[in-house]
Amino acid sequence: MTAPRPRPEILTIHPYVGGESKLPGVNRVVKLSSNEGAFGAPPAAREAFARMTDELHRYPDGAATELRRAIGARFGLDPARIVCGAGSDDLIYQLCLSYGGPGTEIVMTEHGFSIYKIAGEYAGSRVLKTPERNLTADVDAILTAVSPATRVVFLANPNNPTGSMLPEAEVERLRAGLPPEVLLVLDAAYAEYVERPDYEPGIRLVDAGENTVMTRTFSKVFGLGGMRIGWAYAPPAVVDVLNRVRGPFNVSIAAQEAAIAALQAPGWVEQSRAHNTKYRAILARNLETAGIRTWPSEGNFVLANLATTKAAEAADAYLRARGLIVRRVGGYGLPHCLRITVGTEEEVALVSAALSDFLAGRRG
Ligand SMILES: *Cc1c(COP(=O)(O)O)cnc(C)c1O
């Protein structure tokens, strides 16, 4: 018997492992495993979604015209240079498929966001991971890895799951050191959370040339992960490519309406950022007090160093027994760590107390 067979490289791809959301036998689950934002979706976005129930038979506006206009107004960008996707993952796939391919290379950092590897291998590219320094992207290591076969370099800034960030000057140095024909993709999924003054999400570099793209998402600070919506800000030639290859109706009618409402919710981003900054520090301090090292994070999560894989496993099991789900990050080469989303005040207190009890129990 012969069976349909995919291209051989497809079967070497390791599927993406998402944050879990259910625990058998536990009624109340606190999910701190997917960085979904501490407050759910903005009320206006929920209302906009509910209003769409009579329109479900209608195709969406494939060009997402109103949404691109709203994004442009919010961020001071030309809507003609924005492309929307079913999550920024969608756009990352389209970029890899369009610019990568057999015989080409895609470069990412050692602990970079795992979708780059999946999408790059799907495209048929070889995906190279470059060493980091103290869990932070190393511009020189990236530049060293670039070869004539390199087509795309991905940098998540800030990065997930490490939380580390490159300042604007370093990203500029990266761009300046790359050949002009290499596409630099700056994934700024956590941009809204960053407070450091030396940060820039990528807009200036997109504007400065023809070879840099910035991707953004509604899945984090805007609390719309379940709606699947993200966007790219790109030079005209890249916008043209994405519009040729993307699904013609890749963003649903409800997602478009919810995203517009979320963008316009007064104070939502500011309040979320302020909460995150405060409780991220409290979470990190609580963990340090309990004897768990953390790394500085610019995102809405903290990477906790449990020192050994066994301890990370045991801590994860202990948390689960208490209804708390955090993220194991062995797939990112960090099996001794747990990534913990900054939740509400109560959730931060619960996860802090549980980890403190866990460590006290091990010492006692
Ligand atoms: C969460 C995340 C995304 C967003 O993915 P969506 O497909 O927009 O939900 C992109 N990049 C990084 C680094 C992320 O952590």
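Whatever order the structure lists them in is the order used to number ligands and atoms, beginning at 1.
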Handout entry: atom 11 (N) of ligand 1: nearest protein contact (heavy atom, Å)
Key = Asp187 OD2, 2.6 Å
Practice task
Report yes or no: is the cationic atom of Arg273 (NZ for Lys, CZ for Arg) closer than 6.0 Å to the six-membered ring centre of Tyr193, at no more than 45° off its axis?
Solution key: no
Practice task
With side chain to side chain contact (heavy atoms under 4.5 Å, CB included) as the test, would you mind laying out the steps for Phe49 and Glu257 before giving the verdict?
Solution key: CA-CA 7 Å; Phe49 178 77; Glu257 293 300 321; over 6 Å; no
Handout entry: Taking atom 7 (O) of ligand 1 as the reference point, the nearest protein heavy atom with its distance
Key = Arg228 NH2, 2.6 Å
Completion exercise
The atoms of ligand 1 lying under 4.0 Å from a heavy atom of Ala189, numbered in the order shown, are 2 (C), 3 (C), 10 (C), 11 (N), 12 (C), 14 (C)
Practice task
Look at the side-chain heavy atoms of Ile, Leu, Val, Met, Phe, Trp and Tyr, link any pair under 4.5 Å apart, and say whether Val239 and Val185 land in one connected group.
Solution key: yes
Problem - Numbered atoms of ligand 1 (with element) below 4.0 Å of Asn160, judged on heavy atoms - result: 13 (C), 14 (C), 15 (O)
Completion exercise
A student comparing Ser88, Ala86, Ser114 should find that the heavy atom closest to atom 4 (C) of ligand 1 comes from Ser88
Exercise for the section: Inspect the surroundings of CZ in Arg74 and state if more than 12 heavy atoms from other residues, nucleotides or ligands are less than 6.0 Å away. Expected result: yes
Practice task
Between Phe218 and ligand 1, find which residue part has any heavy-atom pair under 4.0 Å and reply side chain, backbone, both or neither.
Solution key: neither
Fill in the blank from the handout: of all protein heavy atoms, closest to atom 2 (C) of ligand 1 is Lys220 NZ, 2.4 Å
Practice task
Look at the side chain of Trp231 and the backbone N and O of Gly87, then say whether any donor-acceptor pair between them is shorter than 3.5 Å.
Solution key: no
Exercise for the section: Name the closest protein heavy atom to atom 9 (O) of ligand 1, giving the residue it belongs to and the distance to 0.1 Å. Expected result: Ser219 OG, 2.6 Å
Completion exercise
ligand 1 atoms nearer than 4.0 angstrom to some heavy atom of Tyr190 are 1 (C), 14 (C), 15 (O)
Exercise for the section: Test side chain to side chain contact (heavy atoms under 4.5 Å, CB included) on Ile203 and Met214 and set out the steps. Expected result: CA-CA 7 Å; Ile203 293 169; Met214 172 185 72; 3.6 Å; yes
Practice task
Under 4.0 Å from a heavy atom of Gly87: give me the atoms of ligand 1 that qualify, with their elements.
Solution key: 6 (P), 7 (O), 8 (O)
Practice task
Kindly indicate, with the supporting measurements, whether the criterion side chain to side chain contact (heavy atoms under 4.5 Å, CB included) is fulfilled by Val171 and Leu155.
Solution key: CA-CA 9 Å; Val171 183; Leu155 178 72; 4.3 Å; yes
